[in-house]
Amino acid sequence: AQSVAQPEDQVNVAEGNPLTVKCTYSVSGNPYLFWYVQYPNRGLQFLLKYITGDNLVKGSYGFEAEFNKSQTSFHLKKPSALVSDSALYFCAVRGPTSGTYKYIFGTGTRLKVLA
Amino acid sequence: SQTIHQWPATLVQPVGSPLSLECTVEGTSNPNLYWYRQAAGRGLQLLFYSVGIGQISSEVPQNLSASRPQDRQFILSSKKLLLSDSGFYLCAWSGGNSNQPQHFGDGTRLSIL
């Protein structure tokens, strides 16, 4: 069965410091991996995805994510955090098998960037 | 470009009343459509998904139902709301390929009194 884990409920980081939000996954075959951000009372916004190829994926708002197949991880990173990055972040996976329409989401990590 | 609309943004309903939430997508055809519920600003619970008109898959047995009367319209309904139905309801769409992300509406905050 497919699953996604976000081991940290909350991550605190000082403004200007690098940030990492962790995600590990379990899926049969090669995964399709996604990161989303959610601001209060809004829907989820797509940040970036990994399908195949380069293990470092760049996305919106200066975010990037590193795919590590041996560690089955897909951690979200940003070199310099902004206070406006404070939000709820979700990792998701979708299996490559045709007919698999469901996306499996992690439980979310709340990022708090301190001024 | 594609857009997704969800309404209403907020809704306050008494226990036992009916419910109808609507979601429409523009700028694409034959999308996969999804309804999620999010409790207390945390994880997402998949309620229903649809891969075509009239095709509904239910993930969680409960007093909610979904319908897809048109290609880009997805409706979430209930005949009698329960207190436990309170939450943040999100509609989403995706393309047919597995490697495409979902795109979410801005949600409906439902409070049951």
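The model shown is predicted, which means the values in this text are computed figures rather than measured ones. First the proteins, then the strands, lettered A, B, ... as listed; each starts at 1.
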- Aromatic plane relationship, A:Tyr101 with B:Tyr49 - under 30° parallel, 30 to 60° tilted, over 60° perpendicular: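 B:Tyr49 and A:Tyr101: tilted rings.
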Under 4.5 Å between side-chain heavy atoms, counting indirect links through other Ile/Leu/Val/Met/Phe/Trp/Tyr residues: same cluster for [X] and [Y] or not?
| X | Y | value |
| --- | --- | --- |
| B:Tyr36 | B:Tyr89 | no |
| B:Leu76 | B:Trp93 | yes |
| A:Phe74 | A:Tyr61 | yes |
| B:Val60 | B:Leu19 | no |
| B:Val15 | B:Leu110 | yes |

- Message: A quick test of your reading: do over 12 heavy atoms of other residues, nucleotides or ligands sit less than 6.0 Å from OH of A:Tyr39?
- Response: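 Buried by this count: over 12 neighbours within 6.0 Å.
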Name the atoms and distances for all side-chain donor-acceptor pairs under 3.5 Å in residues 12-25 of chain A, with sequence neighbours left out.
from, atom 1, to, atom 2, distance (Å)
A:Asn12, OD1, A:Gln10, NE2, 2.9

- Message: Check whether A:Tyr36 reaches the backbone of B:Pro101 with its side chain - one donor and one acceptor, N or O, closer than 3.5 Å.
- Response: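 Absent.
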- Do the side chain of B:Arg42 and the main chain of A:Gly108 share a donor and acceptor less than 3.5 angstrom apart?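 Yes, the answer is positive, given that a donor and an acceptor are paired below the 3.5 Å cut-off.
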Minimum-distance pair of heavy atoms, taken over all atoms of [X] and [Y]:
| X | Y | answer |
| --- | --- | --- |
| A:Gln38 | B:Phe88 | NE2-CE2, 3.8 Å |
| A:Lys49 | B:Gln100 | NZ-CA, 4.4 Å |
| B:Ser94 | A:Tyr103 | CB-OH, 3.2 Å |

- Task: Give the intermediate values and the outcome of side-chain contact (heavy atoms from CB on, under 4.5 Å) for residues B:Glu59 and A:Lys102.
- Result: CA-CA 10 Å; B:Glu59 289 294 300; A:Lys102 294 189 288 186; 3.2 Å; yes
- Message: Rounded to the nearest 0.5 Å, what separates atom OG1 in A:Thr107 from atom CG in B:Leu44?
- Response: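 The distance works out to 10.0 Å.
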- Heavy-atom pair count under 4.5 Å with chain A, highest-scoring of B:Leu90, B:Thr10, B:Asn99: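 Top option by heavy-atom pairs under 4.5 Å: B:Asn99.
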- For A:Phe46, is it the side chain, the backbone, both, or neither that has a heavy atom closer than 4.5 Å to a heavy atom of chain B?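 Answer is side chain: those atoms of A:Phe46 sit under 4.5 Å from chain B.
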- Task: Measure A:Leu44 against the heavy atoms of chain B and call it side chain, backbone, both or neither at under 4.5 Å.
- Result: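 Both backbone and side chain.
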- Item | Contacts of type side chain to side chain donor-acceptor pair (under 3.5 Å), residue A:Tyr50, not counting sequence neighbours |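 For A:Tyr50 there are no side chain to side chain donor-acceptor pair (under 3.5 Å) partners, ignoring immediate neighbours.
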- Message: Does any part of the side chain of B:Gln45, heavy atoms only, come nearer than 4.5 Å to the side chain of A:Phe105, both counted from C-beta?
- Response: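 A side-chain contact is absent here, since even the closest heavy-atom pair is not under 4.5 Å.
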